[in-house]
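A short write-up of the structure that comes next.
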Amino acid sequence: MRYAQGGGLRPHEQIARERVRMLAAEGFERGRENSAIAKDLRVSVRSVERWKRSWRESGIDGLRCSGPSRRPKVGPEEFAVLEGELLRGTVFHGWPDERWTLSRVRTLTVEKLGVRLSVHAVWDLLRRHGWSCQQPARRAVERDEAAVAGWVKETWPSAKPPRRRSGPGSSLRTRPPSR
């Protein structure tokens, strides 16, 4: 099976596909035809034929999932080290503010673990271990409500686009407005 982004199935998806192959094995044992099994399981006949060949050669073990295609770059023990460093905070690691960005976490994985990940892989790694994007719990102490109100009243009206005039018109751009 090939996938558009070049990746394979995630572990829970691999388990689901293995369950389908086990159902096919039950059909093989009962002597059902490949086309009937394929129709019931909503897979191609070619897949069923391939599974049946594996089943004949290796039995039920030939249909079992072999696990992930490769081990993750950052294992549970390594992530525990990374998580300890994340909990120390960004200021401890030399950044001026207390904000973890994906690029900062990426830099930390290179420094502490010696593993080079893409920004997307860092996001997947953090999500997989229960981390989410940071969002402030409350407004900043430094927020000046009077300055914000003045900006909304004076600057914003000139920055936003002008309102469309109301009146008769047409929803079609090529048709002139009716009067």
Side-chain angles (χ1 to χ4, degrees), residues 1-90 92-95 97-137 171-175:
M1 209 177 224
R2 298 201 178 219
Y3 301 93
Q5 285 76 29
L9 296 174
R10 294 189 171 104
H12 69 277
E13 295 168 325
Q14 288 177 341
I15 292 169
R17 292 300 294 171
E18 182 177 323
R19 196 173 306 126
V20 171
R21 291 191 299 271
M22 293 303 141
L23 291 172
E26 290 175 10
F28 301 151
E29 290 170 358
R30 288 193 214 125
R32 294 186 63 204
E33 290 187 19
N34 292 350
S35 59
I37 294 171
K39 185 177 180 184
D40 289 345
L41 299 178
R42 296 186 347 204
V43 296
S44 68
V45 177
R46 184 175 289 255
S47 292
V48 174
E49 291 169 354
R50 198 172 56 248
W51 297 340
K52 191 168 191 174
R53 190 176 326 111
S54 295
W55 177 73
R56 266 192 256 118
E57 293 170 0
S58 308
I60 200 86
D61 290 332
L63 298 177
R64 294 207 190 282
C65 181
S66 60
S69 58
R70 59 182 167 87
R71 90 180 229 340
K73 286 186 175 183
V74 178
E77 302 85 20
E78 294 165 320
F79 186 77
V81 171
L82 179 65
E83 191 168 29
E85 296 298 324
L86 290 172
L87 292 173
R88 285 182 163 175
T90 56
F92 178 82
H93 292 286
W95 282 290
D97 59 352
E98 280 293 335
R99 221 170 10 112
W100 278 116
T101 62
L102 293 176
S103 59
R104 288 178 181 181
V105 176
R106 179 181 185 216
T107 303
L108 192 65
T109 57
V110 172
E111 290 175 1
K112 299 298 178 184
L113 305 177
V115 177
R116 189 171 301 278
L117 300 172
S118 68
V119 173
H120 184 74
V122 169
W123 175 236
D124 285 343
L125 174 70
L126 292 174
R127 256 196 352 228
R128 189 169 45 244
H129 290 281
W131 287 69
S132 62
C133 56
Q134 294 179 354
Q135 295 178 355
S171 61
L172 299 173
R173 293 183 180 182
T174 57
R175 188 172 174 188

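- Using a 4.5 Å cut-off on side-chain heavy atoms (C-beta onward), V115 and V110 make no contact.
- Inter-residue side-chain proximity for R104 and H93 is flagged as unmet; no heavy-atom pair is nearer than 4.5 Å.
- Ion pairing of E49 with R53 is absent here, as no side-chain N (NZ or NE/NH1/NH2) approaches a carboxylate O to less than 4.0 Å.
- Here the closest non-hydrogen pair linking E98 and G89 is OE1-CA, 3.8 Å.
- Using modelled atom types, one side-chain atom of R106 and one backbone atom of L117 make a donor-acceptor pair closer than 3.5 Å.
- Not one N or O on the side chain of S58 forms a donor-acceptor pair closer than 3.5 Å with the backbone of D61.
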Does the pair K52 and R56 meet the rule for a side-chain contact (heavy atoms from CB on, under 4.5 Å), with working shown? CA-CA 6 Å; K52 191 168 191 174; R56 266 192 256 118; 3.9 Å; yes
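- The CG atom of L125 sits 8.0 Å away from atom OG1 of T109, with the distance rounded to the nearest 0.5 Å.
- Between R21 and L63, the shortest heavy-atom contact is NE-O, 2.7 Å.
- When D40, L41, V43 are each tested for a side chain to side chain contact (heavy atoms under 4.5 Å, CB included) with L23, only one passes: L41.
- In this structure a side-chain-to-backbone donor-acceptor pair under 3.5 Å is present from E18 to C65.
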Output, in order, the C-alpha distance, side-chain angles, deciding distance and verdict of side-chain contact (heavy atoms from CB on, under 4.5 Å) for R30 and E26. CA-CA 6 Å; R30 288 193 214 125; E26 290 175 10; 3.7 Å; yes
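- Side-chain contact between E29 and W55 is present, with at least one heavy-atom pair separated by less than 4.5 Å.
- Scanning both residues, E78 and K73, for their nearest heavy atoms gives OE1-O, 3.4 Å.
- Two residues are said to be in side-chain contact when any heavy atoms from C-beta on lie closer than 4.5 Å; L113 and L108 fail this criterion.
- Closest heavy-atom contact between K112 and E85: CE-OE1, 3.8 Å.
- Rounding to the nearest 0.5 Å gives a distance of 6.5 Å between OG of S47 and CZ of R17.
- T101 has its side chain out of reach of T90: every pair of non-hydrogen atoms, C-beta onward, lies at least 4.5 Å apart.
- Using the six-membered ring where Trp is involved, W95 and W100 have ring planes that are perpendicular, over 60° apart on the 30 and 60° scheme.
- F28 has its side chain within reach of I37: a pair of non-hydrogen atoms, C-beta onward, lies under 4.5 Å apart.
- Side chains of W131 and F79 form a contact here, defined as non-hydrogen atoms less than 4.5 Å apart.
- Between S54 and G62, the shortest heavy-atom distance links the atoms CB-O, 3.9 Å.
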